[in-house]
Amino acid sequence: MRFAAIADVHGNHLALEAVLADIRALGVTDIVNLGDMLSGPLDARRTIEMLMPLDAVHVLGNHDRYLLDRPPEKMGSWDRPAHDALNAAQLDWLRAQPMTLVFRDQVFLCHATPGNDEIYWLDIVHPDGAVALSPLDRIEQFAHGVTQPLILCAHTHLARAVGLRDGRLIVNPGSVGCPGFRDKHPYPHVVEAGTPHARYAILELAGDAWQVTFRHVAYDHEAMAALARRNNQPELANALATGWIK
């Protein structure tokens, strides 16, 4: 069993295109998508036109939910442009995707945590804004009740793999399309990947053990940085250009 995990595309169709090409070049045919597909000041329409015909399994992220559960005038600065770019059929396709899913009986898929699409799982934000690996006890608390040996999450945009004491493995594949962002919750902080690459992961079952390979894929990130600048998002432009917010 071998498949690719993608997440947090955030409307970056060029990064998605490069990742899908890399997946095909590796001979991998199965893909799971962990959500936050469209929101951002980039190109939601072209991104969803690539995702809808893709033979993949999808779950919704918090930003996907924001496109569906509130009126446009209540949407944030990343969600309103994406919503305005989508037609009714595309929103209906998004609405049909689940919040969580079990893939081939062995893999639990969610965006952030099994019960909440906005909580960081493998990472924690300290009051001073430092982002660090979450304590193992906290990670295991969120995994309570999940019986699958492999658990996939996303949301933080940071690639991580954490082994639980009972042998289960939790993996965040990193972000395909957004290598840095600023947030206010639970404390003001920034997340920065450090390079502008598109990130995803390959998961493979070898005997009884899951193995993870993190992939960093080059693409025309300068073109997407220029688009973010045209759309008045200078911090995202910096992240797309360099992997750093500043």
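Side-chain atoms are counted along with the backbone in the values below, which use heavy atoms only and exclude waters and symmetry mates.
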- [ ] Given side chain to side chain donor-acceptor pair (under 3.5 Å), test His155 with Asp36 step by step and report yes or no.
- [x] CA-CA 8 Å; His155 189 51; Asp36 274 11; 4.5 Å; no
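- Hydrophobic clustering (side-chain heavy atoms under 4.5 Å, transitive across Ile, Leu, Val, Met, Phe, Trp, Tyr) keeps Leu122 apart from Val131.
- Hydrophobic cluster membership differs between Val171 and Leu26, with clusters built from Ile, Leu, Val, Met, Phe, Trp and Tyr side chains linked at under 4.5 angstrom.
- For the residue pair His189/Tyr120, the side-chain donor-acceptor check at 3.5 Å is satisfied.
- Counting heavy atoms from C-beta on, the side chains of Asn172 and Leu34 never come closer than 4.5 Å.
- Between Trp78 and His10, the ring planes are perpendicular. Angles over 60° get that label, and only those under 30° would be called parallel.
- A heavy-atom distance below 4.5 Å is found between the side chains of Leu91 and Leu68.
- Salt bridge Arg46/Glu17: absent, no basic N to carboxylate O contact under 4.0 Å.
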Task: Thr100 vs Val59, side chain to side chain contact (heavy atoms under 4.5 Å, CB included): CA-CA, chis, key distance, verdict - done: CA-CA 6 Å; Thr100 65; Val59 297; 5.5 Å; no
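- A donor-acceptor pair under 3.5 Å is formed between the side chain of Arg80 and the backbone N or O of Pro72.
- No path of Ile, Leu, Val, Met, Phe, Trp and Tyr side chains, each step under 4.5 Å between heavy atoms, connects Leu109 with Ile151, placing them in separate hydrophobic clusters.
- Trp210 and Val102 fall into different hydrophobic clusters, where Ile, Leu, Val, Met, Phe, Trp and Tyr residues are linked whenever their side-chain heavy atoms come under 4.5 Å apart, directly or through other members.
- Checked against the 6.0 Å centroid threshold, Phe3 and Phe103 count as a close aromatic pair.
- Distance alone, capped at 3.5 Å, places no donor-acceptor pair between the Arg165 side chain and the Leu136 backbone.
- What you find for Trp121 and Ala112 is that their closest heavy atoms are CE3-O, 3.2 Å.
- Here the two rings, on Phe181 and His157, have centers that are under 6.0 Å apart.
- Looking at Arg104 and Asp30, a side-chain N of the basic residue comes within less than 4.0 Å of a carboxylate O on the acidic one, giving a salt bridge.
- One distance of note links CG of Asn231 with OG of Ser77; it measures 11.0 Å at 0.5 Å rounding.
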TODO: With side chain to side chain contact (heavy atoms under 4.5 Å, CB included) as the test, would you mind laying out the steps for Gln211 and Thr213 before giving the verdict?
DONE: CA-CA 7 Å; Gln211 297 179 353; Thr213 302; 5.9 Å; no
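- For the pair Met99 and His111, the minimum side-chain heavy-atom distance is 4.5 Å or more.
- Residues Ser134 and Phe142 form no side-chain contact, since every pair of their non-hydrogen atoms from C-beta on lies 4.5 Å or further apart.
- Counting only heavy atoms from C-beta outward, the side chains of His197 and Pro179 never approach each other to under 4.5 Å.
- For the pair Asp8 and Arg199, the minimum side-chain heavy-atom distance is 4.5 Å or more.
- Taking the ring centroids of Tyr219 and His13, they lie at or beyond the 6.0 Å cut-off.
- Leu60 contributes atom CG, which lies 6.5 Å from atom CD of Gln97 (distance to the nearest 0.5 angstrom).
- Side-chain contact between Ile124 and Pro135 is present, with at least one heavy-atom pair separated by less than 4.5 Å.
- For the pair Gln90 and Met52, the tightest heavy-atom approach, listed with the atom from each and the gap, is CG-SD, 3.8 Å.
- The local environment of CG in Asn87 is crowded, with over 12 non-hydrogen atoms from other residues, nucleotides or ligands closer than 6.0 Å.
- The backbone N or O of Ala225 lies less than 3.5 Å from no partner atom in the side chain of Arg230, so there is not a single donor-acceptor pair.
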Open item on the list: Please determine whether side chain to side chain contact (heavy atoms under 4.5 Å, CB included) holds for the pair Arg2 and Ile202, giving the CA-CA distance in whole Å, both sets of side-chain angles, and the decisive distance to 0.1 Å.
Closed with: CA-CA 7 Å; Arg2 183 173 180 239; Ile202 299 291; 4.1 Å; yes
Open item on the list: The test is side chain to side chain donor-acceptor pair (under 3.5 Å); show your working for Thr47 and Asn12 and say whether it passes.
Closed with: CA-CA 7 Å; Thr47 301; Asn12 188 334; over 6 Å; no
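- In this structure, Ala132 and His126 approach most closely via the heavy-atom pair CB-NE2, 4.0 Å.
- Put simply, CD1 on Ile6 and CG on Leu152 are 12.0 Å apart, with the number rounded to the nearest 0.5 Å.
- A salt bridge links Asp117 with Arg65: the closest approach of a Lys/Arg side-chain nitrogen to an acidic carboxylate oxygen falls below 4.0 angstrom.
- At a cut-off of 3.5 Å, with distance as the only test, no side-chain donor of Ser39 or Asp64 sits close to an acceptor on the other residue.
- Annotation: side chain of Asn238 is not in contact with side chain of Ile245 (no heavy-atom distance under 4.5 Å).
- No continuous path of hydrophobic side-chain contacts links Val212 to Val162 [ILVMFWY only; heavy atoms under 4.5 Å].
- Surrounding CG of Asp105 are at most 12 heavy atoms belonging to other residues, nucleotides or ligands under 6.0 Å away.
- Of all heavy-atom pairs between Ala201 and Phe214, the closest is CB-CD2, 4.0 Å.
- Distance check: Leu227 CG to Leu240 CG gives 9.0 Å after rounding to the nearest 0.5 Å.
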TODO: Could you walk me through whether Glu140 and Asp166 pass the side chain to side chain contact (heavy atoms under 4.5 Å, CB included) test, one step at a time?
DONE: CA-CA 10 Å; Glu140 292 187 331; Asp166 62 8; 5.5 Å; no
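- Atom-to-atom distance recorded for Gln148:CD and Leu150:CG is 9.5 Å, nearest 0.5 angstrom.
- Among all heavy-atom pairs drawn from Leu236 and Gly180, the shortest one is CD1-O, 4.2 Å.
- Atoms CG and OH, from Asn33 and Tyr200 in turn, are 14.0 Å apart once rounded to the nearest 0.5 Å.
- Here the closest non-hydrogen pair linking Arg229 and Ala241 is NH2-CB, 4.1 Å.
- Taking the six-membered ring for Trp and the full ring otherwise, the centers of His58 and Trp93 sit less than 6.0 Å from each other.
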